[in-house]
4 protein chains.
Amino acid sequence: MSIHRANPLPRASSALSATLALLLTVAIAPGVAAQTVAITGGTVIDGTGAAPITDGVVVFADGRITAAGPASSTPVPAGATTIDAGGRYVIPGLMDGNLHLFLNLDLETLILHEHRLHDIILEAAQIALKTGQTTVFDTWGPRAALAQARDMINAGEAPGSRIYLAGNIIGFSGPLGPDFRESHAPYVSQAFVKRINDTWEEKTGRELLWMTPDSVADVIRNYTTLGMDFLKYGASGHVDMNLISFSERVQRVIVEEGHRAGMTVQTHTTSVESFDMAIEAGVDIITHCGISGPEIPIPMESIQKMVDRGIACSVLPITARRLAALEEHNPTGTLTPYMKIGAINRANMIKAGAKLLMSTDAGIQNPVLLAESPTLASDTVDSRVKLGEGHFNALVGLEELGMDPMEILKSTTSNVAEAYWLDDEIGTLTPGKWADIVILDEDPLASAYNYRTIHMVIKEGRTVDLDALPVDPIISSMKVAR
Amino acid sequence: MSIHRANPLPRASSALSATLALLLTVAIAPGVAAQTVAITGGTVIDGTGAAPITDGVVVFADGRITAAGPASSTPVPAGATTIDAGGRYVIPGLMDGNLHLFLNLDLETLILHEHRLHDIILEAAQIALKTGQTTVFDTWGPRAALAQARDMINAGEAPGSRIYLAGNIIGFSGPLGPDFRESHAPYVSQAFVKRINDTWEEKTGRELLWMTPDSVADVIRNYTTLGMDFLKYGASGHVDMNLISFSERVQRVIVEEGHRAGMTVQTHTTSVESFDMAIEAGVDIITHCGISGPEIPIPMESIQKMVDRGIACSVLPITARRLAALEEHNPTGTLTPYMKIGAINRANMIKAGAKLLMSTDAGIQNPVLLAESPTLASDTVDSRVKLGEGHFNALVGLEELGMDPMEILKSTTSNVAEAYWLDDEIGTLTPGKWADIVILDEDPLASAYNYRTIHMVIKEGRTVDLDALPVDPIISSMKVAR
Amino acid sequence: MSIHRANPLPRASSALSATLALLLTVAIAPGVAAQTVAITGGTVIDGTGAAPITDGVVVFADGRITAAGPASSTPVPAGATTIDAGGRYVIPGLMDGNLHLFLNLDLETLILHEHRLHDIILEAAQIALKTGQTTVFDTWGPRAALAQARDMINAGEAPGSRIYLAGNIIGFSGPLGPDFRESHAPYVSQAFVKRINDTWEEKTGRELLWMTPDSVADVIRNYTTLGMDFLKYGASGHVDMNLISFSERVQRVIVEEGHRAGMTVQTHTTSVESFDMAIEAGVDIITHCGISGPEIPIPMESIQKMVDRGIACSVLPITARRLAALEEHNPTGTLTPYMKIGAINRANMIKAGAKLLMSTDAGIQNPVLLAESPTLASDTVDSRVKLGEGHFNALVGLEELGMDPMEILKSTTSNVAEAYWLDDEIGTLTPGKWADIVILDEDPLASAYNYRTIHMVIKEGRTVDLDALPVDPIISSMKVAR
Amino acid sequence: MSIHRANPLPRASSALSATLALLLTVAIAPGVAAQTVAITGGTVIDGTGAAPITDGVVVFADGRITAAGPASSTPVPAGATTIDAGGRYVIPGLMDGNLHLFLNLDLETLILHEHRLHDIILEAAQIALKTGQTTVFDTWGPRAALAQARDMINAGEAPGSRIYLAGNIIGFSGPLGPDFRESHAPYVSQAFVKRINDTWEEKTGRELLWMTPDSVADVIRNYTTLGMDFLKYGASGHVDMNLISFSERVQRVIVEEGHRAGMTVQTHTTSVESFDMAIEAGVDIITHCGISGPEIPIPMESIQKMVDRGIACSVLPITARRLAALEEHNPTGTLTPYMKIGAINRANMIKAGAKLLMSTDAGIQNPVLLAESPTLASDTVDSRVKLGEGHFNALVGLEELGMDPMEILKSTTSNVAEAYWLDDEIGTLTPGKWADIVILDEDPLASAYNYRTIHMVIKEGRTVDLDALPVDPIISSMKVAR
């Protein structure tokens with residue numbers, strides 16, 4: 001249980017929590033390995049921030065870690081299977097604090113796969129797992145399909161990254177509404193537009209912006225019963241990124257309702273003022289906290305307030321090479337100038353000691369659409385939004401800002417777990433946690449590039465067959481006609 | 001065999017023709033009834049223009065008519081099954097000289113059904129058959145899918161109207177190109193746009209407009225090997241209806257190549273000058289010959305030239321009620337003023353004794369899109385473009401112009417057969433023709449509304465199970481959400 | 001001096017105020033009549049809310065009222081010119097609390113008259129004066145041109161309504177930017193777009209939405225030196241009317257800076273939440289306080305808070321006939337449903353005793369564009385936005401909501417003066433005020449339609465030659481080609 | 001008088017012609033110098049194709065050339081003023097066979113200068129004259145304003161190039177119609193759109209495309225009374241460059257009506273087939289005869305037919321450097337591939353001995369719009385459409401194709417005069433012609449770049465004050481804001 005929550009509201013009781021955990025364990029039983037396994041000989045970096053243990057041992061059974069420490073003090077249980085990690089690096093499974101397992105909002109995908117969105121979500125969860133991400137946090141997507149994929153994975157019916165999901169961004173429209181691709185809507189039937197938007201919005205769309213705090217509270221109270229894992233709301237607009245979606249008192253209501261339902265609450269934030277308002281509203285996480293427009297960085301005073309209140313910050317780092325590519329090949333892109341200011345913001349947050357969560361906004365990249373992209377020349381340079389690639393580039397982006405290597409590791413492991421109130425379950429290689437483990441060939445603390453040197457991924461104690469993933473790809477396997 | 005062809009080019013030799021007919025008979029064997037059948041007691045109107053025969057008899061066996069005439073002189077063969085048509089009217093199967101079995105160019109249909117266009121075409125052919133049309137002429141569509149449906153129907157693998165098809169309108173773009181819905185193209189992948197356009201164009205698109213006569217001849221010569229039944233080319237533009245697509249000498253080349261391949265050739269014509277150029281180019285049929293823009297009717301001199309050269313005219317009649325609805329509910333529609341001039345043109349053609357072919361430009365109406373149509377109020381009044389309805393309304397439209405009832409019947413039977421060089425096979429109730437027969441409850445010569453009173457449809461000697469059609473509808477069965 | 005200001009900030013000292021008043025008097029000297037005049041025999045309704053005085057007398061000299069009361073106790077000074085108002089009604093000059101003297105944002109007007117916007121503003125001020133409005137409040141427009149017209153009128157160089165002006169709505173773009181006609185911008189030079197937008201924005205445009213409170217304060221402090229009369233800022237968006245433009249703390253900063261500069265501050269407000277935020281920010285006036293979107297009225301609690309804090313509410317009333325016309329002829333217009341909710345809001349505000357200011361958002365109607373309007377059928381029914389007509393219709397709109405006739409009179413006279421801190425100068429027929437007087441043929445308290453029965457308009461003691469106005473019309477005199 | 005007209009129709013009788021010439025002489029009297037002048041000492045290249053005369057003499061008086069030849073045989077009249085051209089080159093005044101003196105179709109220019117288009121046309125005529133062009137042929141523009149400028153120049157009321165004008169391109173829309181900037185039309189009043197389009201179209205717009213030959217003949221017969229100098233019609237579309245505007249028989253009618261009115265007739269031609277149709281229709285000039293789309297050059301057979309019938313070809317040459325710039329900076333521009341094919345066409349025409357007329361399609365370049373052009377990088381490389389620059393670059397373009405230097409000179413002098421039936425008046429330095437003379441510092445036959453080395457321009461016997469031109473520029477003097 002997280003002890004650093006800024007918000008004093010009672011969280012779901014630990015009794016309930018335990019019950020849920022039990023149910024969860026049962027639910028996923030088919031996917032959990034019962035056998036005791038020990039990883040030996042490697043350098044263990046456990047995600048807590050503790051110094052690396054050369055010749056470390058990690059032991060797990062029934063999917064959970066039972067012991068971890070120096071070989072000298074951590075005996076390998078008799079009868080345990082051993083995995084030799086000699087010369088390698090053993091770290092917690094990686095996490096992305098903010099991605100979108102379904103981000104294929106083009107009409108062809110929506111029309112063709114309207115009734116199997118969950119299959120694409122599984123594909124995404126498998127790409128994530130294949131690249132070391134044992135848990136991912138989906139912060140905008142079709143709730144029902146995401147939950148279906150999440151539950152299938154948890155039940156062992158399909159491989160994939162463990163999914164936690166928000167559903168809609170409260171106050172935003174669906175994919176074919178004004179916050180996204182409304183321009184496409186006249187080219188399909190209104191019936192289709194409505195179905196798609198409803199699938200995302202679930203009555204939490206832009207109509208909430210007209211409402212009183214009480215009305216919003218009622219809506220959210222109903223909404224939280226639908227089975228998402230956390231809440232996210234729009235603090236600023238998606239199109240007009242400097243406009244504010246909700247008044248401060250409405251934001252407080254949303255946070256209260258989320259907490260009342262035992263869930264963390266985060267914002268979509270893109271401006272200096274919406275950043276500060278989110279802090280005052282008591283959120284747990286500020287998503288893409290580094291975005292503040294084309295000219296003005298977030299004041300240190302606001303950053304410090306965020307740090308003081310223990311609010312986590314889900315950042316979207318890019319590499320210097322990517323920034324240069326954008327400036328060369330897409331200089332008039334709306335977001336290009338934001339990226340420069342974003343780098344200043346991220347540097348300031350590192351300086352202030354903010355709890356950063358590595359995040360990417362990534363989704364499955366459609367090869368056909370990529371090939372047709374008018375900004376292709378920059379799209380392929382250190383892409384951050386390409387699922388399976390983006391997190392590697394984002395970690396390098398953090399390193400380039402001078403962030404401490406151990407802090408970088410935490411930004412994609414324990415920080416994420418804590419921010420999402422999941423540090424009882426995941427995030428470190430400590431007894432009791434899920435045995436979500438990545439073994440690297442090279443030292444991630446020596447260079448962030450080394451996160452790419454994945455040797456083995458273990459999720460819930462089971463070794464993942466990386467070559468088999470994704471199992472039945474729909475999007476990522478599309479072929480570009482010559 | 002038609003004897004009134006304007007063009008002196010040798011047609012496919014009758015030997016070859018006979019061979020083809022034989023092959024065809026074999027091919028469709030499974031669908032042809034072997035038994036001898038006699039329709040008795042009804043009034044027979046045989047489509048030749050001869051006076052109705054009260055108490056007439058039509059006998060057929062092996063799918064073909066063997067005898068037809070007054071009961072007094074037409075014995076019912078021993079052992080024949082009889083169909084009692086007492087009090088009813090026996091006429092040849094109806095035909096539409098110009099429709100589009102696949103006209104569902106909306107993105108949802110194209111994307112969802114890209115690889116089963118033929119299934120939608122079968123649905124359309126079944127709607128046509130259900131409403132008395134035993135043969136239809138598809139003058140623009142996806143050739144390969146149309147041919148697949150045609151062949152399945154001819155082989156008895158699926159029920160449906162007999163299909164003759166043109167494929168592309170030579171010189172026109174595909175559905176997502178400049179002649180149709182280019183405005184939709186930016187909202188899907190360029191790869192999809194290309195695939196769809198290629199499916200229609202088959203290298204006979206707008207690039208031909210740049211070419212010399214020789215180059216066009218080469219293209220058409222290759223094109224005619226693909227298996228369509230007749231050719232159609234754009235004489236005027238589809239968007240800019242008063243611009244001319246091909247020079248006269250190129251038009252002549254296209255006609256020559258079509259005739260060389262044994263096919264009739266027709267134009268898409270929409271202006272006074274393109275009408276006259278088409279005549280000079282030697283076409284067999286002028287499609288929507290009644291359209292000449294918003295102000296100026298076609299001069300009688302041009303109409304007379306068409307008549308003198310025996311060129312058939314595929315008209316698109318509408319009812320007065322429909323014209324009134326357009327003027328009331330859609331007065332600014334581009335085509336609304338054309339409709340008034342069109343009525344003048346059609347009246348002039350009737351006066352001049354032109355060989356008219358009833359046609360509709362109809363396709364399957366999508367109920368969802370209809371319900372969303374901004375011009376809904378006029379769309380539903382005596383629709384001509386709704387497949388299965390349009391031909392009934394078009395026939396009434398001809399009647400309202402004062403056309404002789406017998407001529408109206410010919411416009412949807414023998415005229416069509418002759419114009420398409422198919423009068424050896426279909427179009428009249430005379431021995432040797434396919435037994436394509438419609439039995440009506442009421443007299444079609446008394447009122448054109450009576451074509452709706454379909455009692456029975458017989459195609460190639462087999463009674464059609466009307467209630468079973470369409471078999472597996474895709475488009476026409478779509479439900480409008482309340 | 002207003003005594004009901006919610007905001008405790010020191011206003012411009014009365015010494016300074018007196019100096020300004022003096023300068024003002026001097027400045028406008030050429031336009032002020034020196035002679036003593038008495039209006040006698042009419043029913044005087046002085047705008048204070050006091051009962052009408054039958055056989056009342058109003059005396060003025062040097063442009064200011066020197067006495068007003070019953071004939072019995074108000075002697076006509078010896079040598080005074082008298083105006084016989086027998087059988088008529090003498091009321092204060094009318095005011096519009098929110099209009100736009102330049103609202104001709106079409107490209108033709110902007111391009112043709114870019115360098116003489118003030119001439120169009122004079123035309124507007126003359127149309128306003130001709131229809132009884134002796135003072136108007138321009139709440140969005142080109143500041144420099146408005147000030148030029150204001151100063152010319154005040155100096156007696158041109159006739160016209162007395163103008164108070166805000167300049168830009170702080171936080172909004174100019175006419176060719178995203179808050180207005182950005183869609184037109186690609187069709188003219190970027191240089192022109194920039195010039196026009198700069199003319200309105202004067203560095204207070206949308207870039208402020210990215211800024212910190214301190215930066216905004218700096219901007220506003222500079223801006224307030226430019227010579228406007230009051231401030232207005234966007235509390236909600238102009239396009240996305242339910243998004244919020246400024247955080248509450250930034251709103252407070254703007255209000256403080258306005259008050260520091262001695263000016264009233266008002267908001268552009270269009271939603272429930274921005275309404276409440278504006279109150280909390282301490283504004284003096286909420287403009288179009290009745291707009292809260294398509295579905296939800298403003299809660300009584302918020303309205304009561306506005307009333308308790310003495311904040312004035314600038315309403316935009318329409319007649320029932322106008323609402324019916326909109327619903328019939330423009331049912332899909334974005335604002336049509338807002339109008340219904342607006343009527344509820346206005347009724348609630350009347351019930352709560354809010355200080356309402358009659359306002360119209362009117363500008364000069366361009367006859368050519370009106371004739372071409374696709375919503376012409378509804379545009380001409382009881383128009384509120386047509387300058388010179390709108391205020392008459394708005395007053396009837398208030399009457400239809402059951403508002404007390406005396407309160408209606410105040411909404412267009414003393415309420416406006418008080419809300420704008422101008423009750424020392426205008427708004428009632430009491431000694432010391434400008435002699436701005438309207439004489440009506442019929443009783444405005446009997447029916448709001450009677451405001452149209454203007455017999456005479458007196459401004460600053462001079463009778464206005466109504467027939468001569470507007471003097472050199474540019475827009476209102478345009479001719480529609482047959 | 002041209003003797004090589006393909007068309008046998010009687011031209012305006014020479015008696016009438018003489019009368020017109022007389023009237024013309026009288027009309028321009030104020031601008032014509034009476035004094036006798038001799039240019040001596042230079043190399044005279046007289047435009048007839050005859051070998052250059054070193055130490056040649058050209059004598060003129062009353063605006064017309066009285067003698068030209070070698071000094072040895074051409075005495076300088078006593079009392080003549082002499083101009084020393086020692087070391088220089090004396091050639092006929094240059095001509096552009098196809099330009100547009102008003103091509104500033106942007107909304108700002110149209111709106112601001114709607115009622116003074118002729119002033120901009122004068123500016124253009126002065127830029128042309130300043131750069132050596134003593135005569136220009138305006139092939140699309142506002143007829144009345146062009147005629148006004150033409151007449152002012154001819155009357156000596158303003159300096160400028162001698163103008164011959166066509167008015168509208170028959171069958172094309174005006175500037176805000178479908179052939180040009182229809183996309184801009186929704187952003188201004190329909191009344192303005194109509195006025196502008198009517199100013200160009202004068203009832204010869206797209207409605208002609210619907211008409212019968214007889215109706216078109218009637219329209220043209222009326223149109224030719226309006227005072228243009230020659231006719232031009234659209235043979236192919238302006239937007240859809242491969243569609244055909246008029247049937248061959250309508251084209252013949254237009255040519256006949258033009259000839260009947262004593263005028264040359266030319267086409268706007270952009271495709272292989274419209275090129276051939278124009279020849280068959282009997283035109284005198286084919287404008288931009290080098291354009292035939294993106295892939296297929298004009299067949300040699302068609303080119304030869306043009307040559308055989310003595311039809312002139314108004315070409316639009318560009319330099320190799322310009323083509324390279326287009327391919328580098330604007331590879332997706334519609335016209336870029338056309339330019340490559342155009343170079344092939346022009347080379348073939350040179351080979352075939354076609355009578356080429358140098359032309360540019362140039363108009364006044366607006367510096368503000370140029371600075372904002374998204375294709376700026378290529379727009380400034382050897383521009384052909386910039387009036388005052390384009391003709392220099394076009395002449396170099398011809399040289400790069402290997403054209404004989406003397407032929408190049410003729411393409412911009414005598415060829416143009418002959419093609420327009422003006423070889424009695426202009427085009428060569430021979431007695432009786434207007435004394436339109438350019439003196440160059442360098443030999444134009446040595447390099448086409450040398451046409452830029454203008455030392456002196458003489459028009460109708462008067463030395464032009466080049467520094468004073470243009471006199472009151474409106475467009476070319478616009479300043480780009482930093």
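Chain A is the first sequence line, chain B the second, and so forth, proteins listed ahead of strands; every chain is numbered from 1. This one's a predicted model, so the numbers in the text were calculated from it and none came from an experiment.
Screening residues 184-193 of chain A for side-chain hydrogen bond (donor to acceptor under 3.5 Å, both in side chains) gives A:S189-B:E108 as the qualifying pairs, with residues at least two apart or on separate chains. For residues 287-308 of chain C, the pairs satisfying salt bridge (Lys or Arg N to Asp or Glu O under 4.0 Å) are C:D276-C:K305, C:E280-C:K305, with sequence neighbours left out.
In this structure, chain C has a heavy atom under 4.5 Å from the side chain of A:I296, while its backbone stays farther away. Contact of A:S271 with chain C is made through backbone and side chain together, with heavy-atom distances under 4.5 Å. Interface remark: A:T270 contributes backbone atoms only to the contact with chain C (heavy atom separation under 4.5 Å).
With contacts defined as side-chain heavy-atom distances shorter than 4.5 Å, the pair C:I244/A:L243 does not qualify. Between C:M277 and A:E248, the closest side-chain pair of non-hydrogen atoms is not below 4.5 Å.
Residues of residues 204-220 of chain C that come within less than 4.5 angstrom of chain A, heavy atom to heavy atom, are C:R206, C:L209, C:W210, C:M211, C:T212, C:P213 in numerical order. For a heavy-atom cut-off of 4.5 Å, chain A lies close to no residue in residues 168-176 of chain C.
Contact count versus chain C (heavy atoms, under 4.5 Å) is highest, among A:P294, A:S236, A:P299, for A:P294.
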